Amino acid sequence: MTQRPRSTALRDARRIVVKVGSSLVTNEGRGLDEAAIGEWCRQLAALVREGREVVMVSSGAIAEGMKRLGWRTRPHEVHELQAAAAVGQMGLAQMYETKLRENNLGSAQVLLTHADLADRERYLNARSTLVTLLAHGVVPVINENDTVVNDEIKFGDNDTLGALVANLVEADALVILTDQKGLYTADPRKDSSATFVHEAVAGDPALEAMAGGAGSSLGRGGMITKILAAKRAAGSGASTVIAWGREHDALQRLAGGEAIGTLLVAQTAKHQARKRWMADHLQMRGAVLVDNGAAAKVRAEGKSLLPIGMTAVEGDFSRGDVIAVRDPAGAELARGLANYSSAEARLLCRKPSAQIEQLLGYVAEPEMVHRDNMVLMPASS
């Protein structure tokens, strides 16, 4: 663990997830902070102009709803929390839409639950939607769907959601903007010997010992949830910065390589993490057999697997499952994420991608397995 400034943490990050907490968004519960949200949106626009893709995960719906309903303390009854979220979400979405539009950016509201990210089909649908929005230069503004789900209000926090979204869109970095400068070795208000942690390895058990309990009465998190979020984001190769949300031009300065806040470094590169996960699958639900031409393109040229090169389908698998790609002799040459189920794949064998919609009634992707979601296996001796 080090405590010295660094310079290039987020400089090369192309896709960034930014999470802001309730106390920042609502100015400690006094209502949506228009000036602060405007500043973050201005910085997001600057990053987009640089060719980066950005996703905003924003807390604040319940806190804004409490203010609009005249409630001074956070209620405990689930139906009251849901009512506050429903009221506050209107203002939150409107504010981001207005401020992003002022910076010539489109916006989209996306409400997610942990259940959406746990279900394979919904996970892939959410991912496809977000990636499509980013490809069109739209900034997704994401919040938990607190109006309908009990568990997220009771147990959830948007630090965790930020990490899950970073995993979902395969972000290069997660930036958690909070009301603290970053992580200290102990609470500096209670321990005069506490020192600031400039940089550490995400997932280091010592970090959890440093982090305190829950934060303000408005939010549900604290420094511990941010430490755990960084650990989760690191699983897919995203490094995390925890920084003060009021820091001038924090996002632009971080993207420029400046040392702000606490950097928690992911030890595994993004693509390596995904490919290692696929390669380590001990049990796969099925496989597709391919002809010699497709086998050569996959192994020698690193091409995606198209339906026209498939000759047969084995097993019973769903979209998103890891499957084997086998050559005509049955040897495994690669494995990857299936874009179509086994039943659909059987219909697609030997068919050009242009016929997918005609055969299935929809098109998820033109490939059966995209090269970005495929790992080559060692050739058997």
Side-chain angles (χ1 to χ4, degrees), residues 15 116-136 167-170 236-237 269-380:
R15 182 173 291 172
D116 292 324
L117 304 184
D119 179 86
R120 181 186 299 107
E121 195 71 22
R122 288 155 70 181
Y123 180 97
L124 292 170
N125 289 340
R127 171 180 162 75
S128 295
T129 298
L130 292 173
V131 170
T132 300
L133 290 170
L134 293 173
H136 285 81
N167 296 156
L168 178 68
V169 301
E170 296 176 358
S236 62
K270 182 175 67 172
H271 295 297
Q272 290 176 333
R274 183 175 65 244
K275 290 183 181 292
R276 179 181 298 172
W277 170 74
M278 289 187 288
D280 287 345
H281 260 63
L282 297 178
Q283 294 183 333
M284 287 171 289
R285 294 183 177 274
V288 291
L289 276 69
V290 302
D291 59 28
N292 285 317
K297 287 185 177 295
V298 169
R299 181 173 290 285
E301 301 179 35
K303 298 289 188 179
S304 300
L305 174 61
L306 300 177
I308 198 168
M310 302 188 313
T311 59
V313 177
E314 298 176 345
D316 183 13
F317 54 85
S318 302
R319 181 185 175 214
D321 281 340
V322 177
I323 61 171
V325 179
R326 301 187 183 279
D327 66 18
E332 184 181 0
L333 62 95
R335 58 183 57 175
L337 302 182
N339 283 328
Y340 296 96
S341 69
S342 53
E344 293 169 329
R346 290 184 174 93
L347 296 174
L348 297 178
C349 282
R350 293 309 210 180
K351 300 298 192 300
S353 298
Q355 292 184 16
I356 293 177
E357 184 171 10
Q358 176 186 343
L359 293 165
L360 303 182
Y362 80 103
V363 179
E365 303 289 346
E367 310 88 5
M368 179 63 196
V369 181
H370 193 279
R371 63 184 180 183
D372 290 345
N373 295 321
M374 182 188 299
V375 58
L376 295 178
M377 303 304 291
S380 57

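This one's a predicted model, so the numbers in the text were calculated from it and none came from an experiment.
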Under 3.5 Å donor-acceptor, Ser304 side chain and His370 backbone: no

What distance separates Met377 CE from Arg299 CZ, expressed to the nearest 0.5 Å? 9.5 Å

Restricting to salt bridge (Lys or Arg N to Asp or Glu O under 4.0 Å), what partner residues turn up for Arg346, sequence neighbours left out? none

From Ile308 atom CD1 to Leu348 atom CG, the distance as rounded to the nearest 0.5 Å: 11.5 Å

Going from CD on Gln355 to CG on Leu360, what distance comes out if it is rounded to the nearest 0.5 angstrom? 11.0 Å

How close do Gly315 and Ser342 get, heavy atom to heavy atom, and via which atoms? O-CB, 3.6 Å

Evaluate the side chain to side chain contact (heavy atoms under 4.5 Å, CB included) criterion for residues Leu333 and Val298: first the C-alpha distance (whole Å), next the side-chain angles of each, then the deciding distance (0.1 Å), finally the verdict. CA-CA 8 Å; Leu333 62 95; Val298 169; 3.2 Å; yes

Neighbour count >12 (heavy atoms, 6.0 Å) for atom NZ, Lys297: no

Side chains of Leu306 and Glu367 in contact at under 4.5 Å (non-hydrogen atoms): yes

Main-chain N/O of Glu365 paired to Tyr340 side chain as donor or acceptor, under 3.5 Å: yes

Using modelled atom types only, decide if a donor and an acceptor are shared between the side chain of Glu344 and the backbone of Ser341 within a distance under 3.5 Å. yes

Under a plain distance cut-off of 3.5 Å, with no hydrogens placed, do Thr311 and Asp291 share a side-chain donor-acceptor pair? no

For Lys351 and Ile356: C-alpha separation, side-chain torsions, deciding distance, then whether side chain to side chain contact (heavy atoms under 4.5 Å, CB included) applies. CA-CA 8 Å; Lys351 300 298 192 300; Ile356 293 177; over 6 Å; no

Evaluate the criterion side chain to side chain contact (heavy atoms under 4.5 Å, CB included) for residue pair Leu337 and Val322; output intermediate values, then yes/no. CA-CA 5 Å; Leu337 302 182; Val322 177; 3.6 Å; yes

Locate the shortest heavy-atom distance separating Pro307 from Pro366; write the atom from each residue and the value. CD-O, 3.4 Å

Tell me the closest heavy-atom pair linking Arg319 and Ser128, and the distance in Å. NH2-OG, 3.5 Å

From CG (Asp321) to CZ (Arg335), nearest 0.5 Å: 13.0 Å

Taking the side chain as everything from C-beta on, heavy atoms only, tell me whether Arg326 gets closer than 4.5 Å to Leu289. yes

Heavy-atom nearest pair, Ala345 first then Phe317, reads CB-CZ, 4.4 Å

If you define the side chain from C-beta out and look only at heavy atoms, does anything of Val369 sit under 4.5 Å from Met310? no

dist Leu305:CG -> Met374:CE (nearest 0.5 Å) comes out at 5.5 Å

Where do Asn167 and Ser236 come nearest, in terms of heavy atoms and distance? ND2-OG, 2.5 Å

Would you say CZ of Arg285 has more than 12 non-hydrogen atoms from neighbouring residues, nucleotides or ligands within 6.0 angstrom? no

